**Student:** 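Following this message is one structure expressed as structure tokens.
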Number of protein chains: 2
Amino acid sequence: MARWEPNARGRLEEAAFELFAEHGFEQVTVAEIAGRAGLTERTFYRHFADKREVLFPDANPLVTGLAEALERAPEAPHPIATVAAVLEDAGGFFADRHAYSRRRNAVIAANAELREREAVKLALMADTLAGGLRARGVPDPAASLAAEAGIAVFKVAHARWVADPEPRDLRELMRDAMRQLKAVTAEA
Amino acid sequence: MARWEPNARGRLEEAAFELFAEHGFEQVTVAEIAGRAGLTERTFYRHFADKREVLFPDANPLVTGLAEALERAPEAPHPIATVAAVLEDAGGFFADRHAYSRRRNAVIAANAELREREAVKLALMADTLAGGLRARGVPDPAASLAAEAGIAVFKVAHARWVADPEPRDLRELMRDAMRQLKAVTAEA
DNA sequence: ACGGTTGATGGCAGGCACTGACATCAGGGT
DNA sequence: ACCCTGATGTCAGTGCCTGCCATCAACCGT
């Protein structure tokens with residue numbers, strides 16, 4: 001018999017999500033979250049660096065997934081092809097999470113601090129991408145720009161994916177966004 | 001005779017900057033900042049929404065400057081040309097601030113919370129740009145992507161500008177980044 | 001079987017960011 | 001002379017977050 005109920009971290013995530021959805025992020029205290037999960041505030045901070053982080057449990061797996069996808073990606077003559085391959089890979093991460101992503105996005109969109117944290121996660125993805133491209137020999141202004149372009153594609157496609165009540169294919173939306181980005185930058 | 005010393009806000013900015021540069025953002029309390037400026041903590045919060053905001057006094061002028069530049073921008077057949085014109089305009093904002101920007105950037109780079117806030121300011125610029133493009137009739141996925149691409153160019157160029165001890169021309173760096181972005185996305 | 005170690009948790013005290021409510025008081029207008 | 005405005009001060013309070021120590025089941029080596 002275990003000394004404690006299992007999956008404390010998961011229980012905290014779930015409790016936080018429910019309370020945020022019902023009352024809003026600011027109206028919920030960390031002590032309330034911990035209480036609903038049958039734990040104490042102190043323990044919450046052993047699992048999450050701060051109150052916001054409980055809403056971003058997937059960020060680290062996603063970033064490490066990007067890094068791995070960068071290593072798996074086939075040799076490509078042009079960095080943008082590598083970026084496209086990595087995005088294709090990342091799209092699978094969200095395959096079965098459309099409903100969950102929509103609810104989560106509603107919570108985040110309602111609060112400035114949470115939008116702030118989301119912006120950081122995107123910047124982290126961009127840095128990871130750029131670093132991986134440099135490791136593959138892409139010189140620096142190009143590597144950063146290709147990475148930023150890729151994140152722009154991801155950001156726009158993800159926003160459309162989340163805005164649509166129907167669960168479309170995120171990868172399809174990313175391919176479309178990539179085409180549109182190429183069209184936009186090719187002009188003039 | 002004035003009842004208070006003038007320019008309380010400016011004094012707070014200056015005091016905060018000096019203390020952050022010397023001791024680091026986290027090691028400085030708001031009460032210390034206010035004390036050096038000859039004011040109280042409560043008054044600090046009447047001038048700035050939070051402790052970080054004192055380091056971003058130019059963000060709002062910059063964003064409204066973007067919005068105005070969008071209205072001034074000449075009719076252009078392609079959104080990316082409008083974006084380029086707006087960036088050209090924004091470049092003037094930084095003309096005489098190279099040394100200051102470098103010191104400020106060192107403070108921000110040293111702290112995660114401040115980098116977080118900077119990411120938000122960039123996202124705000126992107127939203128402003130996208131909204132302006134939509135107001136000019138650019139349809140939506142293209143408007144968002146052109147705006148994100150523009151911010152990517154700004155971000156990369158600004159990083160290079162700040163990294164260089166010599167005060168190069170930011171606009172030149174942005175034009176170069178734009179060329180490289182076009183080259184990168186045109187490949188494949 | 002015994003004892004030491006480990007690791008997740010609880011309890012507590014405290015610092016600091018931030019906020020609301022009220023007081024103060026020079027200057028400017030009437 | 002009077003009131004009003006507006007920037008500031010004062011104070012109390014909430015909540016985020018951290019450091020430190022205690023607890024105690026499970027595990028491990030002997």
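Each chain gets a letter, A, B and so on, in the order the sequences are listed, and its residues count up from 1. Being a predicted model, the structure only gives us computed values, none of them experimental.
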**Student:** Side-chain donor-acceptor pairs under 3.5 Å in residues 166-173 of chain B, sequence neighbours left out?
**Tutor:**
from: B:Asp169; atom 1: OD1; to: B:Arg171; atom 2: N; distance (Å): 2.9
from: B:Glu172; atom 1: OE1; to: B:Arg175; atom 2: NH2; distance (Å): 3.2

**Student:** Which nucleotide in the list D:dC17, C:dG11, C:dT19 gets nearest to the side chain of A:Glu41?
**Tutor:**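 Ranking D:dC17, C:dG11, C:dT19 by closest atom to the A:Glu41 side chain puts D:dC17 first.
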**Student:** Please give me every residue in residues 12-32 of chain B whose heavy atoms get under 4.0 Å of an atom in DNA chain C, ordered by residue number.
**Tutor:**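 Output list: B:Val28, B:Thr29, B:Val30.
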**Student:** Using the salt bridge (charged side-chain N to carboxylate O under 4.0 Å, His left out) criterion, which residues pair with A:Arg97? Sequence neighbours excluded.
**Tutor:**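 Partners of A:Arg97 under the salt bridge (charged side-chain N to carboxylate O under 4.0 Å, His left out) test: A:Asp58.
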**Student:** Donor-acceptor pairs under 3.5 angstrom involving side-chain atoms of residues 10-22 of chain B: please list them, not counting sequence neighbours.
**Tutor:**
from: B:Arg11; atom 1: NE; to: B:Ala37; atom 2: O; distance (Å): 3.3
from: B:Arg11; atom 1: NH1; to: B:Glu5; atom 2: O; distance (Å): 3.1
from: B:Arg11; atom 1: NH1; to: B:Pro6; atom 2: O; distance (Å): 3.1
from: B:Arg11; atom 1: NH2; to: B:Ala37; atom 2: O; distance (Å): 2.7
from: B:Glu18; atom 1: OE1; to: B:Arg36; atom 2: NH1; distance (Å): 2.5

**Student:** Over all heavy atoms of both residues, which pair between A:Thr185 and B:Lys182 is shortest? Give the atoms and the distance, please.
**Tutor:**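 Between these two residues, the closest heavy atoms are O-CG, 3.4 Å.
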**Student:** Partners of B:Glu41 by salt bridge (charged side-chain N to carboxylate O under 4.0 Å, His left out), sequence neighbours excluded?
**Tutor:**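 Expected list: none.
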**Student:** Could you pull out all residues at least two apart from A:Lys51 that satisfy salt bridge (charged side-chain N to carboxylate O under 4.0 Å, His left out)?
**Tutor:**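 Once residues adjacent in sequence are excluded, A:Lys51 has no partner under the salt bridge (charged side-chain N to carboxylate O under 4.0 Å, His left out) criterion.
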**Student:** Restricting to ring-ring contact (aromatic ring centres under 6.0 Å, His included), what partner residues turn up for B:His98, sequence neighbours left out?
**Tutor:**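 B:Trp161.
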**Student:** For A:Arg134, enumerate each residue passing the salt bridge (charged side-chain N to carboxylate O under 4.0 Å, His left out) test, keeping only those at least two apart in sequence or located in another chain.
**Tutor:**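 For A:Arg134, the residues satisfying salt bridge (charged side-chain N to carboxylate O under 4.0 Å, His left out) (neighbours in sequence not counted) are A:Asp140.
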**Student:** Between C1' on D:dG19 and CZ on A:Arg42, what's the gap in Å once rounded to a whole number?
**Tutor:**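 Checked: the CZ to C1' distance equals 7 Å.
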**Student:** Which residues within residues 48-60 of chain A lie with some heavy atom under 4.0 Å of an atom in DNA chain D?
**Tutor:**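 Heavy-atom contacts with DNA chain D come from A:Ala49, A:Asp50, A:Lys51.
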**Student:** Going by the angle between their ring planes, with limits at 30° and 60°, are A:Phe48 and A:Phe44 parallel, tilted or perpendicular?
**Tutor:**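 Tilted, since the angle between the ring planes falls between 30° and 60°.
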**Student:** Taking atom C1' of C:dC18 as reference, at what distance in whole Å does atom CD1 of B:Ile33 sit?
**Tutor:**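 In whole Å, C:dC18 C1' and B:Ile33 CD1 are 13 Å from each other.
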**Student:** Please determine if a side-chain N or O atom of A:Tyr45 lies less than 4.0 Å away from the OP1 or OP2 oxygen of D:dT18.
**Tutor:**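 False: A:Tyr45 side-chain N/O out of range (4.0 Å or more) of D:dT18 OP1/OP2.
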**Student:** Can you pull every protein N or O that's under 3.5 Å from an N or O on nucleotides 5-8 of chain D?
**Tutor:**
from: D:dG6; atom 1: N2; to: B:Arg3; atom 2: NH1; distance (Å): 2.8
from: D:dT8; atom 1: OP2; to: B:His47; atom 2: NE2; distance (Å): 2.8

**Student:** Which pairs would a plain distance check flag for residues 62-70 of chain A, meaning a side-chain donor or acceptor within less than 3.5 Å of a matching protein atom at least two apart in sequence or in another chain?
**Tutor:**
from: A:Thr64; atom 1: OG1; to: A:Asn60; atom 2: O; distance (Å): 3.2
from: A:Thr64; atom 1: OG1; to: A:Pro61; atom 2: O; distance (Å): 2.9

**Student:** Between P on D:dG9 and CZ on B:Phe44, what's the gap in Å once rounded to a whole number?
**Tutor:**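 From B:Phe44 CZ to D:dG9 P: 14 Å.
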**Student:** Output every pair passing salt bridge (charged side-chain N to carboxylate O under 4.0 Å, His left out) with a member in residues 142-160 of chain B, not counting sequence neighbours, ordered by first then second residue.
**Tutor:**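 For residues 142-160 of chain B: A:Glu148-B:Lys155, A:Lys155-B:Glu148, B:Arg160-B:Asp176.
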